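Notes follow the structure.
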Amino acid sequence: MVDTNAGSFFSDKSAKIFVAGHRGLVGSAIVRKLQSFGFSNLVLRTHSELDLTVQSAVDAFFTSEKPKFVILAAAKVGGIHANNTYPADFIAINLQIQTNVIHSSFTHGVEKLLFLGSSCIYPKFAPQPIPESALLTGPLEPTNEWYAIAKIAGIKICQAYRIQHNWNAISGMPTNLYGPNDNFHPENSHVLPALIRRFHEAKVSKDKEVVVWGSGSPLREFLHVDDLADAVVFMMDKYSGLSHLNVGSGKEVTIKELAELVKEVVGFEGELVWDKTKPDGTPRKLMDSSMLMELGWEPKISLKDGLVDAYKWYLENYAAKQ
Ligand SMILES: NC(=O)C1=CN([C@@H]2O[C@H](COP(=O)(O)OP(=O)(O)OC[C@H]3O[C@@H](n4cnc5c(N)ncnc54)[C@H](OP(=O)(O)O)[C@@H]3O)[C@@H](O)[C@H]2O)C=CC1
Ligand SMILES: C[C@H]1O[C@H](OP(=O)(O)OP(=O)(O)OC[C@H]2O[C@@H](n3cnc4c(=O)[nH]c(N)nc43)[C@H](O)[C@@H]2O)[C@@H](O)[C@@H](O)C1=O
């Protein structure tokens, strides 16, 4: 059952909005989107200004700032290797950040909060496309179960505060994202930025080969972060239900197809070599985003156009500084 309260978010463009994680891939896109709509009173803190894992600091921040809305895009985030290598960080830091921010938002009178999870919350062998109802119906993908458990807890914390206190906390579960301000770390990033960097560096060095991880057969659904930011603002305005909402493009590609597309966009002319010692992760995780789409949101940026945009951003803002 979808419960909507259309229109309230846009009625006051000077309302104070705390975007947690505003320098990251997602937070920076949400800030751009809010500013493009004319929201003028954004409260922003870097990690070093406010460590969201420290409960007393979070509470002091909410006591002094008293935001009306909170969008929680701060988290410990990484690709398959980072998730697999630092399980304690992925479960503990994420549980701390979300528990602190959600609880302080509630106790300090925030009107509405949006929590962001991830498509990895679903069972490894969930029905495809994956509906919201598949949550907690089977075992998780082992490479990211620690992160997934934290994200599932985030959904449940939002639901519990809604049920017990009638408080307006909602959750969005984005698919794999990419775009400006992505993480281009060679090992700890997600596949799409990792491949942009690897193909670019191979092109510049005139290498004959680029190594890509795994078998190439896993399927992934990609969404440009500007489409995600649009969905976040849409949900702040139009959705106030108990269920989390999937946010995806509805289109999937194999990792091999993705690698070929990145190779083409970057202009690398050598060969792909598959490193099968690296994990594939979940074989497929296409989400069913029809709940959100039936409310009126739709993605606008194709994977090809989004990749061209992401590579342009990488060239102008990342490669240029190396
Ligand atoms: N990237 C993706 O493909 C996907 C992301 N998501 C979700 O979207 C959200 C944002 O992810 P994304 O933008 O990619 O991540 P990034 O790593 O790009 O950004 C994370 C942000 O969180 C902030 N942060 C991390 N730890 C702390 C802390 N202890 N205190 C304060 N701030 C902190 C960082 O601050 P600073 O910059 O100051 O260090 C940074 O701005 C996450 O909830 C993630 O799970 C969901 C699906 C896919
Ligand atoms: C968003 C989502 O992201 C993570 O899950 P994931 O989808 O498996 O993420 P990924 O982008 O790292 O990998 C996708 C696929 O791509 C292959 N692959 C090839 N070559 C590279 C490569 O060079 N780097 C990476 N990272 N992967 C590569 C890789 O082997 C895998 O088959 C979660 O842990 C969790 O963080 C989460 O929620």
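We count ligands from 1, going down the list as the structure has it; atoms in each ligand are counted the same way. The shown structure was predicted, so the numbers you read here are calculated from the model rather than taken from an experiment.
A donor atom on one side chain and an acceptor atom on the other are not found under 3.5 Å apart for Thr282 and Glu141. Between the side chains of His103 and Asp59, not a single donor N or O lies within less than 3.5 Å of an accepting N or O.
With distances taken over non-hydrogen atoms, the option nearest atom 30 (N) of ligand 1 out of Asn176, Leu177, Ile121, Leu52 is Leu52. Scanning Tyr147, Phe222, Phe115, Tyr178 for the heavy atom closest to atom 45 (O) of ligand 1 points to Tyr147.
Of all protein heavy atoms, the one lying nearest to atom 12 (O) of ligand 2 is Ile80 N, 2.7 Å. With respect to atom 21 (C) of ligand 1, the closest heavy atom belonging to the protein is Gly21 CA, 3.8 Å. Gly78 O, 2.7 Å is the protein heavy atom nearest to atom 36 (O) of ligand 2. The protein non-hydrogen atom at the shortest distance from atom 42 (C) of ligand 1 is Ala75 CB, 3.6 Å. In terms of protein heavy-atom proximity, atom 35 (O) of ligand 1 is closest to His47 CB, 3.8 Å. Given atom 31 (C) of ligand 2, the protein heavy atom at minimum distance is Asp280 O, 3.3 Å. Of the protein's non-hydrogen atoms, the one nearest atom 20 (N) of ligand 2 is Trp213 N, 3.1 Å.
Atoms of ligand 2 found under 4.0 Å from any heavy atom of Gly79, numbered from 1 in the order shown, are 12 (O), 34 (O). For ligand 1 and Gly117, the ligand atoms under 4.0 Å from any heavy atom of the residue are 6 (N), 7 (C), 45 (O), 46 (C), 47 (C). Distances below 4.0 Å separate heavy atoms of Val212 from the following atoms of ligand 2: 19 (C), 20 (N). Taking every heavy atom of Tyr147 and a limit of under 4.0 angstrom, the matching atoms of ligand 2 come to 35 (C), 36 (O), 37 (C), 38 (O).
Contact annotation: for Ala82 versus ligand 2, there are no heavy atoms closer than 4.0 Å. Looking at His81 against ligand 2, nothing comes within 4.0 Å, counting heavy atoms. Counting heavy atoms under 4.0 Å from ligand 2, residue Ser189 touches it through the backbone alone. With a 4.0 Å cut-off on non-hydrogen atoms, Val191 touches ligand 2 through its backbone as well as its side chain. Contacts of Arg220 with ligand 2, taken as heavy-atom pairs under 4.0 Å, involve the side chain alone.
Geometrically, ligand 2 and Pro279 share a nitrogen or oxygen pair separated by less than 3.5 Å. For the pair Arg198 and ligand 2, the shortest N or O to N or O distance falls below 3.5 Å.
Summarising the geometry of Pro180 relative to Leu25, their closest heavy-atom pair is O-CD1, 3.2 Å, with the distance given to 0.1 Å.
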